[in-house]
Amino acid sequence: VTALQLEVGVVPSSETRQLYDRLLEGKDLSDHMHITAGDHAKERAPRHNLPYQSTPFIGRKRELAQVRELLAGTRFLTLVGPGGTGKTRLALQVVSEMVGECKHGVFFVSLAPIDSPDLIVQAVAETIGFPLSSHEDPQRQLLRHLRHRHYLLLLDSFEHLLSGASLVSEILHYAGQVKIVATSREKLNLHEETVVRIDGMAYPRASVGADALDFSAVKLFVESARQVLPDFTAGAEDIPHIIHICQQLEGMPLGILLAAAWVEMLTPAEIASEITRSLDFLQAEWRDVPGRHLSVRAVFDPSWQRLTASQRELFAKLAVFRGGFTREAAEIVTGATLQVLAKLVNKSLLRRDLQTGRYEMHGLLRQYAREYLEARPDSRENTLQAHAVYFADLMQQQWLRLIGEEQQMALAALDADLENLRGSWRYWLEKRNAARIRMYVSGFWRLYDIRRWCKSGREVFLSLIHISE
């Protein structure tokens, strides 16, 4: 710098002095190399590599608003949910709306093809266009490059690389202007992480007629059906069956797309019937979609494979519950501990209702798990019997409350487990166990009388008459 001033008569600029200081300190010079007027223009222009979406984004207004609001106050957010729930599509929609807010760009980093956490650094570097040198630790190079840059990174499908999650923490620590959105079936368990649970799209819980088209799940089915069959129209006779399809799939976007792909061959009523019959019905042969998204089974397989043998056994046993279950019921019927239940929730295989504390399993996951249980007759029979015993006892307990001062509490408890009670009732009918059947009769009679569920009550007691013949 001194020689430049004495011998050439040029006073070095501040940028030259900064470059000189960095040379003395042995720091990275990538910020100062090959910068031209064109490069300055590129620095000012927002950059991204977000894939083009060929179909319109449907629904999810609440989730979009929630994620945008959270990203205003946090630098690391993970969208967590089962496979097929549309985490990636939602994340892409969010970050695409933020392209103009990030000076150095918004980048989509697909982690699905990567089979080792050691390759995450390379995937990020390649995606943002930063060449790594073979003469220095790759992670150190990447962190130094990110340090003074304003990026928004979307790390997609992180669930199979959780042991590499420390890189996210390192980036957040060293690069104060970088924000990260991740999608995963399991949270990364980092202190800096904000988690948003993603479930299915909104769907009608009961018959709603023409208003059904206001629900995003129904709208997705109709729009997807029109891609396959352009003149497809959802007539009045089709709406109840489309609603049933969305209920069976619990609003799962991938499941809806796979179901709608059949409209060229089947009516909505037939599609609903096939979904009930077999999980393998929900598959397609799209050439432009990754294999993991060509069937519901292919979506569930990776999550199943990441479970230990004991976790698989227990998860399969939990499939005997219908309509959810309590922690106490899970422990008594299947032997599930709180720790195991928490792990299954973290892996997006169970949901826990924060208001009621009850656990729920997606209907399609239940079908998947039941197949495993059906292949083990002894385990299946023991679990079904334990389930039936538990709910026979529950009915007996609640019957005593139904005729006392705690009637409203008893009604709430019976309503919550009505599907489990009906299932256990059918079990004892099949076994012709008179003693157990008697434990239900008074409770069911009183419950259906109070609720004025005459038709349901008639069906229950007709089944008793048929079994006695």
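Just so it is clear, the model here is predicted, and its values are computed rather than measured. Position 1 is the first residue of the sequence; numbering continues from there.
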Is there a side chain to side chain contact (heavy atoms under 4.5 Å, CB included) between Leu279 and Arg370 once you walk through the steps?
CA-CA 11 Å; Leu279 190 69; Arg370 283 294 288 258; over 6 Å; no
Distance from [X] atom [atom1] to [Y] atom [atom2], nearest 0.5 Å?
X      : Y      : atom1 : atom2 : answer
His150 : His104 : NE2   : NE2   : 9.5 Å
Gln93  : Leu50  : CD    : CG    : 10.5 Å
Ser96  : Tyr52  : OG    : OH    : 12.0 Å
Arg426 : Leu421 : CZ    : CG    : 10.5 Å
Leu155 : Leu167 : CG    : CG    : 8.0 Å
Leu414 : Asn420 : CG    : CG    : 11.5 Å

Would a distance-only check, ignoring hydrogens and angles, find a side-chain to backbone donor-acceptor pair under 3.5 Å from [X] to [Y]?
X      : Y      : value
Asp137 : Arg140 : yes
Gln122 : Leu119 : no
Gln247 : Pro204 : yes
Glu193 : Asn189 : yes
Lys87  : Gly81  : yes
Arg147 : Tyr174 : yes
Ser278 : Asp280 : yes
His148 : Gln177 : no

Report yes if the side chains of [X] and [Y] come closer than 4.5 Å at any heavy-atom pair, otherwise no.
X      : Y      : answer
Gln311 : Leu349 : no
Ile58  : Met201 : yes
Pro51  : Gln53  : yes
Leu418 : Arg422 : yes
Ile256 : Ile245 : no
Phe108 : Asp156 : yes
Phe281 : Ile271 : yes
Thr127 : Leu153 : no

Throw together a table of side-chain donor-acceptor distances under 3.5 angstrom for residues 159-166, partners on residues two or more places apart or in other chains.
residue: Glu159; atom: OE1; partner: Arg185; partner atom: N; Å: 3.1
residue: His160; atom: ND1; partner: Ser157; partner atom: O; Å: 3.4
residue: His160; atom: NE2; partner: Leu111; partner atom: O; Å: 3.1
residue: His160; atom: NE2; partner: Ile114; partner atom: O; Å: 2.8

Contact summary for [X] and [Y], nearest pair of heavy atoms:
X      : Y      : value
Leu254 : Ser295 : CD2-O, 4.5 Å
Glu192 : Ser169 : OE2-OG, 2.9 Å
Pro253 : Gly86  : CG-N, 4.2 Å
Ala212 : Ile243 : CB-CD1, 3.8 Å
Arg75  : Gly176 : NE-O, 3.4 Å
Gln355 : Asp353 : N-OD1, 2.8 Å

Determine, stepwise, if the pair Gln141 / Ser133 fulfils side-chain hydrogen bond (donor to acceptor under 3.5 Å, both in side chains).
CA-CA 8 Å; Gln141 293 178 65; Ser133 168; 4.6 Å; no
Please say whether the positively charged group of Arg205, taken as NZ for Lys or CZ for Arg, lies over the ring of Tyr203, i.e. under 6.0 angstrom from the six-membered ring centre and within 45 degrees of the axis.
yes
Ion pair present between Glu250 and Arg366, side-chain N to carboxylate O less than 4.0 angstrom?
no
What do the steps show when you test Leu172 against His191 for side chain to side chain contact (heavy atoms under 4.5 Å, CB included), and what is the final call?
CA-CA 11 Å; Leu172 295 173; His191 178 69; over 6 Å; no
Ser348/Arg197 under side chain to side chain contact (heavy atoms under 4.5 Å, CB included): CA gap, chis, key distance, verdict
CA-CA 9 Å; Ser348 300; Arg197 299 279 177 182; 4.1 Å; yes
If you look only at distance, which donor and acceptor atoms sit under 3.5 Å apart when one is on a side chain in residues 312-340 and the other is two or more places apart or in another chain?
residue: Arg312; atom: NE; partner: Trp304; partner atom: O; Å: 3.1
residue: Arg312; atom: NE; partner: Leu307; partner atom: O; Å: 3.4
residue: Arg312; atom: NH2; partner: Gln305; partner atom: O; Å: 3.2
residue: Glu313; atom: OE2; partner: Ser379; partner atom: OG; Å: 2.9
residue: Thr326; atom: OG1; partner: Ala329; partner atom: N; Å: 3.0
residue: Glu328; atom: OE1; partner: Tyr390; partner atom: OH; Å: 2.6
residue: Thr334; atom: OG1; partner: Ala330; partner atom: O; Å: 2.6
residue: Thr334; atom: OG1; partner: Ala336; partner atom: N; Å: 3.3
residue: Thr337; atom: OG1; partner: Val340; partner atom: N; Å: 3.2

Are Tyr359 and Leu344 close enough, and set up right, to give a side chain to side chain contact (heavy atoms under 4.5 Å, CB included), and what steps lead you there?
CA-CA 10 Å; Tyr359 295 87; Leu344 293 174; over 6 Å; no
Donor-acceptor pairs under 3.5 angstrom involving side-chain atoms of residues 61-70: please list them, not counting sequence neighbours.
residue: Glu63; atom: OE2; partner: Arg60; partner atom: NH1; Å: 3.1
residue: Arg68; atom: NH2; partner: Glu101; partner atom: OE2; Å: 2.8

Under 3.5 Å, which donor-acceptor pairs link side chains of residues 218-236 to any protein atom two or more places apart or in another chain?
residue: Ser224; atom: OG; partner: Leu220; partner atom: O; Å: 2.7
residue: Arg226; atom: NE; partner: Phe232; partner atom: O; Å: 3.2

Residues at least two apart in sequence or cross-chain that pass side-chain contact (heavy atoms from CB on, under 4.5 Å) with Ala91, listed by chain then number, are Leu79, Leu154, Val181, Thr183
With distance as the sole criterion, is a donor-acceptor pair present between the side chains of Glu371 and Gln367 under 3.5 Å?
no
If a pair satisfies ring-ring contact (aromatic ring centres under 6.0 Å, His included) and one of its residues is in residues 65-97, list it, with sequence neighbours excluded.
none
